[in-house]
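One-based numbering, in listed order, for ligands and for the atoms of each.
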Amino acid sequence: MMTKYTSGTPIDTEAVVRRFDALPVADFPFAHRFDGDKFIFSFAMEDGDIVYGLGESPRGINKRGWVYESYCSDDPFHTETKQSLYAAHNFIIFGGSKAFGLFVDFPARIRWDLGYTRQDTAEITVDGADFDIYVINGGSPREIVREFRAAIGQSYIPPFWAFGYQQSRWSYHNKDAVNAVIEGYDAENIPLDCVYLDIDYMDHYKDFTVSEEAFPDFAAFVREKRAQGIHLIPIIDAGVKKEDGYSVYEEGKANGYFCKKADGSVFEGGVWPGVCAFPDFLDPKVREWFGAKYKTLTDMGIDGFWNDMNEPAIFYSADGLKKALDKAASLSGEDLDLGRFFNLKDTFLGLSNSQEDYSAIYHNVGGEQVNHQRVHNIYGANMTKAAGEYFEKEFGKGSILMFSRASYIGAHRSSGIWFGDNHSWWSHILLDLKMLPAANMCGFLYCGADLGGFNENATRDLVLRFLALGVFTPLMRNHSALGTRDQEGYRFENPGDFRDIIQVRYRLIPYLYETFVKASEQNDLIFRPLSFDYPDDPIARECETQLMLGEECMIAPVYEQNVKGRTVYLPEDMTFVKLSGERAEKREMQKGLHYVEIALNEVPLFIKKGKKIPLCKPAMRTRDLAPDEAEFI
Ligand code: MIG
């Protein structure tokens with residue numbers, strides 16, 4: 001049973017598609033109070049109750065024992081002390097003796113104190129008085145997810161080829177660089193379906209332009225790659241370069257489509273292109289306009305995009321920079337004490353993604369001027385919806401691959417997400433794993449992390465182990481940052497090991513695709529915590545390193561360096577399958593704890609008793625797969 005409580009006049013986030021009659025917040029079934037403009041509610045948690053949800057966020061599958069914040073943040077250090085990442089996914093499940101779910105539909109800040117201040121208490125603070133809260137009672141956590149998902153609408157299904165292996169790096173800055181990647185993979189017979197274009201493909205980082213110098217006759221190049229079975233996936237950033245004569249900027253300015261400051265002038269912030277204006281995606285007219293801009297690229301044969309920097313990320317604003325420079329000038333020549341030194345330093349460090357800047361931005365929401373802080377968490381989601389609405393109208397559902405960095409529930413209907421700028425750290429293999437079921441709970445099925453890690457230098461074994469988890473994530477993309485060690489599969493010694501892992505992905509694609517579509521159609525999860533399936537099993541309940549996949553499987557990746565395998569817990573008898581290239585080695589195993597050896601070129605998979613999954617022959621491209629000829633193992 002899902003019940004809606006409304007306070008004030010909430011901004012319509014379009015997260016929920018099912019219609020509800022709302023009850024007044026006075027009837028809200030938990031202890032609650034207003035503290036000024038904040039709404040605070042709390043309840044007790046029993047010892048051992050598990051808390052699930054919050055989608056893309058730091059820490060564990062069990063969210064208990066930490067304080068989280070819903071506030072889309074461009075923060076590349078995903079350490080366990082963080083409270084938010086790029087998304088705001090406000091759905092949570094309290095899995096006590098009577099499990100219930102909560103969705104706080106509110107596009108500004110929310111604080112989730114889940115046993116941080118007091119271990120036995122959850123206290124949730126909604127930073128405003130205009131919101132909807134939905135309470136879902138009854139059933140198991142999985143049933144609660146299904147009821148929630150039915151209310152928020154069916155999840156995005158990407159094209160089939162989006163399940164192929166994808167290679168990205170900031171940046172393959174010209175044709176030759178792109179060709180070298182394809183040749184690198186082809187020469188080693190490692191499958192590949194997509195190559196990404198990061199910001200350097202553009203003319204001076206201007207959205208919807210292509211550098212003539214780097215990609216002369218881009219349309220012909222896109223066609224040529226497609227003939228080779230490769231899709232090129234360009235990035236689109238939220239900020240629009242301020243440049244006279246640049247049509248996107250000129251049109252946006254002439255029509256008043258950009259976010260404003262309180263005085264009505266256009267808000268300007270520095271991002272990659274230099275000074276930028278930010279389209280006001282909260283305005284449906286702007287969404288329609290910006291969405292249609294993607295046509296520039298689809299006309300050239302492009303059929304996939306990734307939307308970046310849409311929290312929005314702002315390196316500095318003209319106003320912020322001026323203030324900082326003035327402060328520095330006023331202190332020049334003075335003998336600074338430590339306090340003033342740190343203050344000056346912090347002033348410059350605080351220029352990026354500053355609260356002051358976010359507070360200076362205004363949107364047009366239904367003709368009303370609304371401060372950005374009130375709608376911060378739906379800005380990026382609306383950028384992605386702009387594109388999604390256009391693609392659906394123009395090409396039909398699911399024809400275009402798209403995923404976004406920032407997101408809010410609702411965007412799951414038109415797009416996937418990726419988990420942003422992680423690191424080449426072993427701990428980030430597990431972080432990826434832990435976010436998968438949580439993202440699924442919130443409707444995001446097409447997702448995955450930068451495999452091999454984005455920031456810092458990767459090692460060969462890390463990339464292989466990361467990929468062995470990525471074999472199962474709907475988005476299987478290796479991506480890394482400019483200046484870091486090259487981490488394409490063919491760059492390391494014995495590229496055959498990479499072929500072995502990536503071929504396993506292609507062999508599993510028919511199964512993974514079918515599982516994906518089923519989850520989307522049935523409002524279900526692809527990945528579940530073990531505790532969803534084995535609620536009375538104390539070891540399964542605490543498991544944070546394995547996941548259930550579909551109805552048939554369990555996955556348990558290796559996530560540590562210098563190990564030959566890992567300990568795995570089988571909550572029931574299963575078949576352990578080691579997959580490597582065309583090889584599949586099976587062994588029956590009994591319920592319980594086991595140490596299993598897994599080599600760097602092997603993918604471990606556990607299949608439940610009585611279940612079978614299809615395995616097809618590997619191919620170099622998804623288009624060459626023969627799902628009908630799959631054999632069942
Ligand atoms: O400020 O476009 O998360 O994937 O490679 C960095 C360059 C901007 C952040 C994205 C990352 C991308 C990078 N972008």
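Close contacts of ligand 1 with Ile235, meaning ligand atoms under 4.0 Å from a residue heavy atom, involve 2 (O). Every atom of ligand 1 with a heavy atom of Met309 under 4.0 Å away is listed here by number and element: 1 (O), 8 (C). Every atom of ligand 1 is numbered from 1 in the order shown, and the set under 4.0 Å from a heavy atom of Trp418 is 3 (O), 4 (O), 10 (C). The Ile199 neighbourhood of ligand 1 comprises atoms 2 (O), with distances under 4.0 Å to a heavy atom of that residue. Taking a cut-off of under 4.0 Å to the non-hydrogen atoms of Phe454, the atoms of ligand 1 that pass are 4 (O), 5 (O), 11 (C).
Side chains of Gln503 and Tyr165: a donor-acceptor N/O pair is absent below 3.5 angstrom, by distance only. Using modelled atom types, one finds no donor on one side chain facing an acceptor on the other under 3.5 Å when comparing Asp432 with Tyr559. With no hydrogens or angles considered, a side-chain donor-acceptor pair links Tyr294 and Asn307 at under 3.5 Å. In this structure, a donor-acceptor pair under 3.5 Å is present between the side chains of Tyr86 and His78. Side-chain polar atoms of Asn377 and Ser70 form no donor-acceptor pair below 3.5 angstrom. Judged purely by distance below 3.5 Å, without hydrogens or angles, the side chains of Ser171 and Asp200 pair a donor atom with an acceptor atom.
When the options Asp193, Asp303, Thr622 are evaluated for a side-chain hydrogen bond (donor to acceptor under 3.5 Å, both in side chains) with His231, the one that passes is Asp303.
The protein atom (non-hydrogen) at minimum distance from atom 12 (C) of ligand 1 is Asp198 OD2, 3.4 Å. Nearest protein neighbour of atom 8 (C) of ligand 1, counting heavy atoms only, is Trp272 NE1, 3.3 Å. For atom 11 (C) of ligand 1, the nearest protein heavy atom (residue, atom name, distance) is Asp421 OD1, 3.4 Å. What sits closest to atom 4 (O) of ligand 1 on the protein, heavy atoms only, is His479 NE2, 2.9 Å.
The distance criterion of under 3.5 Å between nitrogen or oxygen atoms is met by Asp308 with respect to ligand 1. Remark: ligand 1 and Trp306 share no N or O pair separated by less than 3.5 Å (distance only, no angle test). Among the atoms of Asp450, none of the N or O lies under 3.5 angstrom from an N or O of ligand 1. Considering backbone and side-chain N/O of Arg477, none are found under 3.5 Å from N/O of ligand 1.
Evaluation of the salt bridge (Lys or Arg N to Asp or Glu O under 4.0 Å) test over residues 461-486, restricted to residues two or more places apart or in two chains, returns Arg169-Asp486, Asp450-Arg477, Asp486-Arg491.
The cationic group of Lys293 does not satisfy the cation-pi geometry with Phe208, failing either the under 6.0 Å distance to the six-membered ring centre or the 45° limit from the ring axis.
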